[in-house]
Peer 1: 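Encoded as structure tokens, here's the structure I'll be asking about.
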Amino acid sequence: MEYRLRRTLPSDRVAIIMPVDHGLIFDRIAGLETPSSPFPAWADKDVTGFMMTPGQVRQTEKFFARHPHLTRVLTIDTYYDYRELDGTGSHGLITSVEEAVRLGVDAVKMLFPWNMSKKERVEMCTRVGKVIAACDRWDIPLVLEPVIMGAPRTEEVVVEEEKVARIAYDLGAHIIKIAFPGEERTRRLVEELKVPLVIAGGPLAGAPGETIEAVAGTIRAGARGVIVGRNIWQREPGPAGEVLAEIARLTRATRFDD
């Protein structure tokens, strides 16, 4: 467990994990039309790893064998918005923790959506608990992502996700991934929960400087990693490279006493 945790979240810097698992929910998304394309494009740009689907993991085994310094976080579930289809949330696992270990990845990642009925919340917590037990049995960390799916980033949503992060802690999450709630709230979560926190960048939004400042606030608050995808690979190549280079500079200025 400690070996995989330190590969996923190194001690000598803040991790930059690039998520490219969006096809599980968004199908064919701009910038990710070819699911295997981000790896050669960004592997040498100072990212520390990627958040991937089972299909991507299987298709890129040779590539990652040639780039062993890069970590792989496997997404093991999928979710569809509760407001669609029959009006209820649909969440389920797409692979197992045992299969993730067989594939040789460093961590697994799972959504923890909360805008659902109380019955579905109990079922969700039960499912997460079973996954965490399997992760402990196989010594592989779970990145758990509290999220209010499809909701605008209002003050109420930010407060609610902060509360759900506490539930993620109590369920036993090894790493908690959350959308940036602001520097002060991030610092409070880091100090109170004492579980590694990684901050998600979310959809492409704002000027490059806004993305960089959000990452700077994340690092100042004590987060162990930044999850930056669409704010990089959905920009034009020139600005995208500049943003990532500045983020990399910021992440290399911090070390942790592990």
Peer 1: Which residues pass the side-chain hydrogen bond (donor to acceptor under 3.5 Å, both in side chains) test with E242, not counting sequence neighbours?
Peer 2: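 Counting only residues at least two positions away or on another chain, E242 forms no side-chain hydrogen bond (donor to acceptor under 3.5 Å, both in side chains).
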Peer 1: Salt bridge or not between E2 and R7? Use side-chain N to carboxylate O under 4.0 Å.
Peer 2: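 Here E2 does not pair with R7 in a salt bridge, since their nearest N and O are not under 4.0 Å apart.
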Peer 1: Examine V198 and V190 and state if one hydrophobic cluster contains both, with Ile, Leu, Val, Met, Phe, Trp and Tyr joined whenever side-chain heavy atoms are less than 4.5 Å apart.
Peer 2: no
Peer 1: So how far is it from R121 CZ to N115 CG, rounded to the nearest 0.5 Å?
Peer 2: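 Between atom CZ of R121 and atom CG of N115 there are 8.0 Å.
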Peer 1: Less than 4.0 Å between a side-chain N and a carboxylate O, is that true for D12 and R252?
Peer 2: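 So R252 does not pair with D12 through a salt bridge.
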Peer 1: Is the closest basic N to carboxylate O distance between R249 and E246 below 4.0 Å?
Peer 2: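 Counted as a salt bridge, because a side-chain N and a carboxylate O are separated by less than 4.0 Å.
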Peer 1: Are I247 and F180 connected into the same hydrophobic cluster when the rule is that any two of I, L, V, M, F, W, Y join if their side-chain heavy atoms are below 4.5 Å apart?
Peer 2: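 No, F180 does not connect to I247 through the hydrophobic network.
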Peer 1: Please determine whether a side-chain nitrogen of the Lys or Arg among E99 and R58 lies less than 4.0 Å from a carboxylate oxygen of the Asp or Glu.
Peer 2: yes
Peer 1: So R220 and E213, salt bridge (charged side-chain N to carboxylate O under 4.0 Å, His left out) or not? Walk me through it.
Peer 2: CA-CA 10 Å; R220 289 193 298 265; E213 179 51 36; 2.9 Å; yes
Peer 1: Calculate, to the nearest 0.5 Å, the distance between atoms CG and CG belonging to L111 and L144 respectively.
Peer 2: 8.5 Å
Peer 1: So, taking the atom named OH in Y79 and the one named CZ in F112, what distance separates them when rounded to the nearest 0.5 Å?
Peer 2: 12.0 Å
Peer 1: Rounded at 0.5 Å granularity, tell me how far CZ in R66 sits from CZ in F39.
Peer 2: 13.0 Å
Peer 1: Please check if V158 and I178 belong to a single hydrophobic cluster, counting links between Ile, Leu, Val, Met, Phe, Trp and Tyr side chain heavy atoms closer than 4.5 Å.
Peer 2: no
Peer 1: Indicate yes or no: does D106 engage R6 in a salt bridge with an N to O separation below 4.0 Å.
Peer 2: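 Salt bridge: no.
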Peer 1: Salt bridge check, R153 against E161: does any charged N sit closer than 4.0 Å to a carboxylate O?
Peer 2: yes
Peer 1: A100 and I140: which non-hydrogen atoms are nearest, and at how many Å?
Peer 2: CB-CD1, 4.5 Å
Peer 1: Run E123 and T126 through side-chain hydrogen bond (donor to acceptor under 3.5 Å, both in side chains) and show every step you take.
Peer 2: CA-CA 5 Å; E123 292 171 351; T126 301; over 6 Å; no
Peer 1: Is a side-chain N or O of T71 found less than 3.5 angstrom from the main chain of T48, in a donor-acceptor match?
Peer 2: yes
Peer 1: Could you tell me whether R72 sits above the aromatic face of F64, with NZ or CZ closer than 6.0 angstrom to the six-membered ring centre and within 45 degrees of the axis?
Peer 2: yes
Peer 1: Within the 3.5 Å criterion, strictly below it, is a donor on T211 or R235 matched to an acceptor on the partner's side chain?
Peer 2: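 T211 vs R235: donor-acceptor pair found between side chains.
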Peer 1: Decide whether W114 and L142 are clustered together by the hydrophobic rule: side chain heavy atoms of Ile, Leu, Val, Met, Phe, Trp, Tyr closer than 4.5 Å, transitively.
Peer 2: yes
Peer 1: Answer yes or no: is there a side-chain heavy-atom contact under 4.5 Å between M1 and P141?
Peer 2: yes
Peer 1: Where do A223 and V14 come nearest, in terms of heavy atoms and distance?
Peer 2: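 Here A223 and V14 meet closest at O-CG2, 4.0 Å.
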Peer 1: Looking only at heavy atoms, what is the nearest atom pair of D21 and Q56, with distance?
Peer 2: CA-OE1, 4.2 Å
Peer 1: Quick one: are M18 and V226 in side-chain contact, heavy atoms under 4.5 Å?
Peer 2: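 Contact flag for M18/V226 side chains = no.
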Peer 1: Say you draw a straight line from CG of L32 to CZ of F26; how long is it, rounded to the nearest 0.5 Å?
Peer 2: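 Separation between the atoms: 11.0 Å.
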Peer 1: Shortest non-hydrogen contact from P19 to H22?
Peer 2: O-CE1, 3.2 Å
Peer 1: List the steps, then state whether side-chain hydrogen bond (donor to acceptor under 3.5 Å, both in side chains) holds for T218 with R187.
Peer 2: CA-CA 8 Å; T218 292; R187 182 176 292 107; over 6 Å; no
Peer 1: Inspect the contact between E98 and R137 and indicate whether a charged nitrogen and a carboxylate oxygen are less than 4.0 angstrom apart.
Peer 2: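 The answer is no: the pair does not qualify as a salt bridge.
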Peer 1: Using a 3.5 Å distance criterion without hydrogens, assess whether the side chain of R224 forms a donor-acceptor pair with backbone atoms of L9.
Peer 2: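 It does hold such a pair.
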Peer 1: Answer yes or no: is there a side-chain heavy-atom contact under 4.5 Å between K109 and E145?
Peer 2: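 Side chain of K109 against side chain of E145, heavy atoms only: contact under 4.5 Å found.
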Peer 1: Side chains of residues 166-173: which donor-acceptor pairs under 3.5 Å do they make with residues two or more places apart or in other chains?
Peer 2:
| residue | atom | partner | partner atom | Å |
| --- | --- | --- | --- | --- |
| R166 | NE | D170 | OD2 | 2.6 |

Peer 1: Working to the nearest 0.5 angstrom, can you tell me the gap between K45 NZ and I232 CD1?
Peer 2: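 With rounding to 0.5 Å, NZ (K45) is 11.5 Å from CD1 (I232).
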